[in-house]
**Student:** 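Take a look at this one; I'll ask things after.
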There are 2 protein chains.
Amino acid sequence: MSALSDSASPLYEKVKDFVLANIGSGKWAQNARLPSENDLVNSLGVSRMTVHRALRELTSEGHLRRVQGVGTFVAPPKAQSTLIEVSNIINEIRDRGGKHRAGVILLERVEHPTAAIIDAFEFDRVKPVDHSLVVHFENDVPVQLEERYVNPALVPHYLDQDFTSIATLEYLQRCTPLTEVEHLISAVPAGPEQARLLQMPERDSCLVLHRKTWTGATVATVNTFTHVGSRYSLGSRYRPTHKPA
Amino acid sequence: MSALSDSASPLYEKVKDFVLANIGSGKWAQNARLPSENDLVNSLGVSRMTVHRALRELTSEGHLRRVQGVGTFVAPPKAQSTLIEVSNIINEIRDRGGKHRAGVILLERVEHPTAAIIDAFEFDRVKPVDHSLVVHFENDVPVQLEERYVNPALVPHYLDQDFTSIATLEYLQRCTPLTEVEHLISAVPAGPEQARLLQMPERDSCLVLHRKTWTGATVATVNTFTHVGSRYSLGSRYRPTHKPA
DNA sequence: GAGTGAAACATGTATATACATGCCATGTCA
DNA sequence: TGACATGGCATGTATATACATGTTTCACTC
């Protein structure tokens with residue numbers, strides 16, 4: 001009566017698979033109540049701690065909902081909102097097997113930023129920020145215009161970095177341990193400057209990713225990644241129940 | 001020598017907090033090796049199972065990396081790739097406090113789909129699919145054009161649904177338990193048809209979200225959500241380390 | 001009939017124990 | 001000096017036991 005698969009995986013994984021199979025087949029419908037831990041102990045022939053671990057992990061993965069003293073229930077599917085992964089352009093190009101090249105357009109300390117930048121950094125008075133503007137090429141075709149404003153209080157030598165390599169990103173990360181990120185994806189027509197730098201027709205569509213990061217309570221970086229719409233898209237594939245191979 | 005906070009939270013949570021505090025303060029740097037489980041047992045005065053659970057959960061949350069027989073290490077920050085949440089338009093409008101209205105443009109059973117659709121559904125021969133085209137309005141301004149192809153083998157009465165309410169989505173979800181999703185975000189200029197339905201100038205930028213879902217190994221739905229670039233953007237805010245309240 | 005208390009049952013946590021599995025350094029033997 | 005065996009140590013899993021905590025039910029009392 002074990003009902004557990006006989007592969008080499010650990011017992012608690014088999015219990016998880018058993019539960020997921022019953023959910024997937026529809027035998028245990030949405031919001032249905034599962035057998036109690038003790039029931040599963042008796043029917044599956046494993047200890048309660050093992051069952052408990054399996055159910056606890058399935059709960060933290062969003063498959064189950066547990067209420068102390070009441071029972072375990074099949075969680076409603078989390079399909080309507082799904083996650084999309086955003087990577088950085090250098091790794092992305094490299095993962096595709098393409099050749100990456102970065103062209104530095106601008107690299108400056110801005111002593112008197114615009115009101116919009118001061119506002120974005122949540123400064124209470126005028127403070128200098130570092131500003132970089134880099135074009136990323138994939139196989140010598142421009143794909144991304146990366147504009148970044150950095151808080152010099154957190155990143156001492158940002159402008160001294162080597163902007164053609166990924167080391168800049170790692171330096172940034174080391175200086176600004178991430179506590180919060182804000183993303184905004186939008187589609188806008190290319191302005192004259194963007195069209196020139198990205199070698200695309202003016203007013204053609206761009207996919208723009210805004211990204212703002214915090215370290216503690218202070219704004220660390222404000223980024224704008226502009227992509228040529230006809231050459232770039234953001235994608236992800238997601239398996240809610242499957243495990244990675 | 002407990003070094004653990006004295007709040008009311010469970011012991012394993014205190015151990016997790018203790019570890020996170022040491023990482024956050026920089027005392028344990030990136031890739032540094034943590035004390036072994038037995039060391040923590042001795043210094044914190046809890047059992048090894050409790051330490052083990054804390055370290056296991058921190059590993060699954062991405063804070064640590066563990067190698068059997070070797071040790072436990074501080075994981076590199078997972079900042080470069082971040083997640084963006086995509087919701088559905090009806091909830092989104094409602095959450096903003098706006099008024100939602102849906103206009104059904106088309107509702108049909110397609111007996112002979114185009115080659116592109118057959119390919120997208122991974123059909124081995126010509127099979128009928130259901131097709132819907134709906135415009136979503138926020139305060140009577142069109143914001144999204146929703147085109148959906150549905151596999152009738154999985155969703156028996158898709159065309160009979162009430163397309164002006166969110167019940168359609170729930171019916172879809174019930175018929176097609178999600179096993180896999182694929183997303184693709186791109187920016188494209190509006191074509192004549194899209195410009196007309198979305199009441200926007202032709203060739204203006206659109207933010208397009210493609211979404212393809214599987215149930216088991218069969219393709220369940222193929223969706224295209226087209227948004228007016230100047231009226232819509234996708235956003236998210238993310239706290240990597242903080243716990244939900 | 002309403003309220004109360006206790007039992008029964010559910011999940012949650014903590015521990016001790018045992019063994020499995022994987023890696024590495026050390027030492028021995030050729 | 002090199003190859004190999006082995007012991008030590010690290011994490012990984014499984015179990016039995018105990019108690020904590022929260023919910024429901026049901027019988028008993030007023």
Side-chain angles (χ1 to χ4, degrees), chain A residues 1-20 22-23 28 31-75 243-244, chain B residues 1-20 22-23 28 31-75 243-244:
Chain A
M1 287 301 292
S2 82
L4 297 183
S5 76
D6 49 358
S7 81
S9 59
L11 269 182
Y12 74 90
E13 286 287 353
K14 293 187 199 171
V15 175
K16 288 175 72 174
D17 289 343
F18 172 76
V19 172
L20 287 178
N22 276 308
I23 294 176
W28 295 344
N31 288 323
R33 181 172 169 173
L34 268 66
S36 75
E37 293 189 354
N38 278 323
D39 290 342
L40 291 172
V41 165
N42 293 329
S43 63
L44 300 181
V46 297
S47 78
R48 193 190 143 215
M49 287 303 291
T50 301
V51 169
H52 183 74
R53 173 169 176 185
L55 297 183
R56 194 179 61 215
E57 293 194 358
L58 288 174
T59 302
S60 82
E61 292 163 16
H63 297 289
L64 301 177
R65 194 169 41 85
R66 313 196 79 191
V67 182
Q68 188 175 102
V70 181
T72 306
F73 307 86
V74 178
K243 283 157 293 188
Chain B
M1 287 300 292
S2 83
L4 296 183
S5 76
D6 49 357
S7 80
S9 58
L11 270 183
Y12 73 90
E13 285 288 352
K14 294 187 199 170
V15 176
K16 286 175 71 173
D17 289 343
F18 172 78
V19 172
L20 286 178
N22 276 307
I23 294 176
W28 296 344
N31 287 323
R33 180 173 171 170
L34 269 66
S36 74
E37 292 189 354
N38 278 324
D39 291 342
L40 291 172
V41 165
N42 292 330
S43 62
L44 300 180
V46 297
S47 77
R48 192 189 144 219
M49 287 304 290
T50 302
V51 170
H52 183 74
R53 173 170 176 182
L55 298 183
R56 194 178 60 214
E57 293 193 358
L58 288 174
T59 301
S60 82
E61 291 164 16
H63 297 289
L64 300 178
R65 194 169 41 87
R66 312 196 81 192
V67 182
Q68 187 175 105
V70 181
T72 306
F73 306 87
V74 178
K243 284 159 290 188

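Protein chains get the first letters and strands the later ones, always in sequence-line order, with residue 1 at the start of each.
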**Student:** Quick one: A/Asp39 CG to C/dT11 C1', roughly how many Å, whole number?
**Tutor:** 13 Å

**Student:** Measuring from atom CH2 of A/Trp28 to atom CG of A/Leu64, what distance do you get when rounded to the nearest 0.5 angstrom?
**Tutor:** 8.5 Å

**Student:** Between atom CG in A/Leu11 and atom P in C/dT21, what is the gap in whole Å?
**Tutor:** 13 Å

**Student:** Go through DNA chain D in 5' to 3' direction and return only the first and the last nucleotide with some atom under 4.0 Å of chain A's heavy atoms.
**Tutor:** D/dT13 to D/dT23

**Student:** Near DNA chain C, which residues from residues 65-74 of chain A have a heavy atom under 4.0 Å away?
**Tutor:** A/Arg66, A/Val67, A/Gln68, A/Gly69, A/Val70, A/Gly71, A/Thr72

**Student:** Check every strand shown and say whether A/Arg56 touches a base, only sugar-phosphate, or nothing at a heavy-atom separation below 4.0 Å.
**Tutor:** nothing

**Student:** Working to the nearest 0.5 Å, report the span between NZ of A/Lys16 and OG of A/Ser9.
**Tutor:** 10.5 Å

**Student:** Tell me which of A/Met49 and A/Leu55 sits closer to the 5' end of DNA chain C, going by the nucleotide each one is nearest to.
**Tutor:** A/Leu55

**Student:** Hey, is B/Arg66 close enough to B/Glu37 for a salt bridge, meaning N to O under 4.0 Å?
**Tutor:** yes

**Student:** May I ask you to test the A/Val51-A/Tyr12 pair for a side-chain heavy-atom distance under 4.5 Å?
**Tutor:** no

**Student:** Is the shortest side-chain N to carboxylate O distance from A/Glu61 to A/Arg56 below 4.0 Å?
**Tutor:** no

**Student:** Between atom CG in A/Asn42 and atom P in C/dA10, what is the gap in whole Å?
**Tutor:** 11 Å

**Student:** Is there side-chain contact between A/Asp39 and A/Leu34, with at least one heavy-atom pair below 4.5 Å?
**Tutor:** no

**Student:** Can you name the nearest heavy-atom pair linking A/His63 to A/Ile23, along with the distance?
**Tutor:** O-CD1, 4.4 Å

**Student:** Give me the atom names and distance for the closest heavy-atom approach of B/Arg48 to B/Val41.
**Tutor:** CA-CG2, 3.4 Å

